[in-house]
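To start, the structure under review is shown below, and the notes come after it.
Just so we're on the same page: letters track the sequence lines, and every chain starts at 1.
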Amino acid sequence: MSEDVSCLKAQLEEKEREIAALKNKLSLLEKSQTLVLDLHDKVTPLTPLRAKHALSNEDIMRYSRQLLLPDLGVRGQLNLSKTSVLIVGCGGLGCPLAQYLAAAGIGRLGLLDYDEVELSNLHRQVLHGEENQGQAKALSAANAVRRLNSTVECVPYHLQLSPENALQLIQQYDIVADCSDNVPTRYLVSDACVLSGKPLVSASALRMDGQLTVYNYRGGPCYRCLYPAPPPPETVTNCSDGGVLGVVPGIMGCFQALEVIKIASGQGSSFGQQLLMFDAQDARFRSIKLRPRQAGCAVCGEEPSVTQLVDYEAFCGSAATDKCQRLHLLSRDQRITAQDYKSILDDAGPHLLLDVRPLVEVDICHLPFSLNIPLSSLEERKSEHLQLLRERVGQLKRQMAGGGRPPVYVICKQGNDSQKAVQLLEKMSGSELDHVTVKDISGGLMAWARTVDPTFPQY
Amino acid sequence: MHTCNLGKYQFSIFGYRLIFLFFFNSRASELLFDGVKEHQVTLPGQSDPWDMKQLLVWIQRNLLKERPELFVQGESVRPGILVLINDADWELMGELDYQLQDQDCIVFISTLHGG
């Protein structure tokens, strides 16, 4: 009799555990289904973040390893849950930043990006997957973040930050992180942070280098204090031209997450008046003491001249994107299309195809019959390269029985450097070089890949 | 006296031990300094101490290959270059008027914008 009772009790307990497990599974599933993320294409007012007064048992378990740190503790964790952070740019910096902030239990994440996911993003923008290609980066990042921590509120914005929407947006957040990829946006974000009194955790990365500073924070400088005038556009290199090793923005984005967490939890940032430089090649960090807030600064100084947001593309003389800008240096008769060049090849007309890209890009892909002399070698008049060019032009002239100027077609990746090279070669023609007829192939090898040979790689 | 612990970048010059470091994007440093990050130079002796203004002129005359506009504008560096003297923003040190001292470490950094 008593055996039957204990057996039944054991069975009952077993069933109760099963029910609890099923209920838990159901609630998780319901939570993920009801929270369909709404992609914002404009800035709208958000409801205030609800303040948490105590940690739930689930919170305690989830954050237990960081709760054990006296630097953070329960108070710091609660502070994190009350903080909203706007991430401007969901790329190489924004992805790891969003990931660690969500994992750590930040209250609300605004995820802003005007762009869509492309295959060439995936080596560094680690929240996006192959299946997200073509999707808005903001949405892709928000979905990834939600899988990681569904208690974090995500607001994806698929829009370009502009002087019209920046203030309304930034005013709704406690901390702003600049993860953008261009100069006008960096000035825009900084000015908007000064005008709304928000700390700006800013990082950047290119090739094998990274930089990080917290602007507009506890008497430290704003971006304009440090850089009152924008750099000349021709001195700025972007990631799609200069390249970047994925882990470099990864490291810098993680650093941003660290500083955001320190500010949000109440510990304070170490980079208010410091610049962190990371040299990935030598694996060296340098920390540099910066100037304080400048009394003469145009936006955060004593008598500011910038009291509202301005036209930052005009101010910087460049567009608020890292996409390659098309140059128009040549007239129409100085340019041919990739298809025109295909016809010249088909007709077997004698000519020289000059590829002016750097060697590292020629190694990626090139047309087999091209001669490679980088634009920089032409600009510097490197003697061995000029000699080579003279020889090839001489050979061509001998091939051309009827005389006339040997035709030289110049190609590069997208058709910008090739135009500069045409201008240069025209100057050299008849003096440093035999007379030649120079034209560039409009749109470069990428146009060749798109319009003539789809098997040619694009990068 | 400040020492920059940079090993291979250290070199001696006329009475001063100075270190120059150029952190530029590769194209600019290729055009400006033949892609070389550090330079071994000898500053000529003069009766007054060298200041940063004179140093920039000297770099322009002796180190720059071409396109000086990628490095200087007027008598200072072009916008977008941060100058450090002994690991501190040169604004804290008097900028162009700073007088160079033995073992000083001068770094030129071009700002990055990518992300």
Among A/D181, A/N182, A/D178, A/V183, exactly one meets side chain to side chain contact (heavy atoms under 4.5 Å, CB included) together with B/H113. Which residue is that?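 Looking at A/D181, A/N182, A/D178, A/V183, the match for B/H113 under the side chain to side chain contact (heavy atoms under 4.5 Å, CB included) is A/V183.
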
Distance-minimising heavy-atom pair for [X] and [Y]:
X	Y	answer
B/V107	A/R286	CG2-NH2, 3.4 Å
B/R78	A/P232	CD-CD, 3.8 Å
A/P231	B/G80	CB-CA, 4.1 Å

Does OH belonging to A/Y100 count more than 12 external heavy atoms closer than 6.0 Å?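 At most 12 heavy atoms, drawn from other residues, nucleotides or ligands, come within 6.0 Å of this atom.
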
Hey, what do you get for [atom1] ([X]) to [atom2] ([Y]), rounding to the nearest 0.5 Å?
X	Y	atom1	atom2	value
B/E95	A/R291	CD	CZ	6.0 Å
B/D87	A/L275	CG	CG	10.0 Å
B/L112	A/M252	CG	CE	9.0 Å

Flag side-chain contact, heavy atom, 4.5 Å: A/Y227 against B/I81: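 No. Closest side-chain heavy atoms not under 4.5 Å.
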
Would you say the side chain of B/E91 lies within less than 4.5 Å of the side chain of A/P292, judging by non-hydrogen atoms?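 Yes, at least one pair of side-chain atoms sits under 4.5 Å.
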
Considering only heavy atoms, which portion of A/S287 lies under 4.5 Å from any heavy atom of chain B: side chain, backbone, both, or neither?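 Contact with chain B is through the backbone of A/S287 alone.
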
Heavy-atom contact with chain B under 4.5 Å, split by part of A/Q294: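 It is the side chain, since no backbone atom gets that close.
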
Go through the steps to decide whether B/D89 and A/K289 satisfy the test salt bridge (Lys or Arg N to Asp or Glu O under 4.0 Å), and finish with yes or no. CA-CA 6 Å; B/D89 186 346; A/K289 178 98 157 68; over 6 Å; no

For the candidates A/G210, A/G92, A/P228, A/A205, which exhibits the highest count of non-hydrogen atom pairs separated by less than 4.5 Å from chain B?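 Option with the greatest count: A/A205.
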
With A/F271 via ring pair (Phe, Tyr, Trp, His ring centres under 6.0 Å) - residues at least two apart: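 Counting only residues at least two positions away or on another chain, A/F271 forms no ring pair (Phe, Tyr, Trp, His ring centres under 6.0 Å).
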
Apply side-chain contact (heavy atoms from CB on, under 4.5 Å) to the pair B/I109 and A/I288, showing each step before the final yes or no. CA-CA 11 Å; B/I109 307 163; A/I288 286 132; 4.3 Å; yes

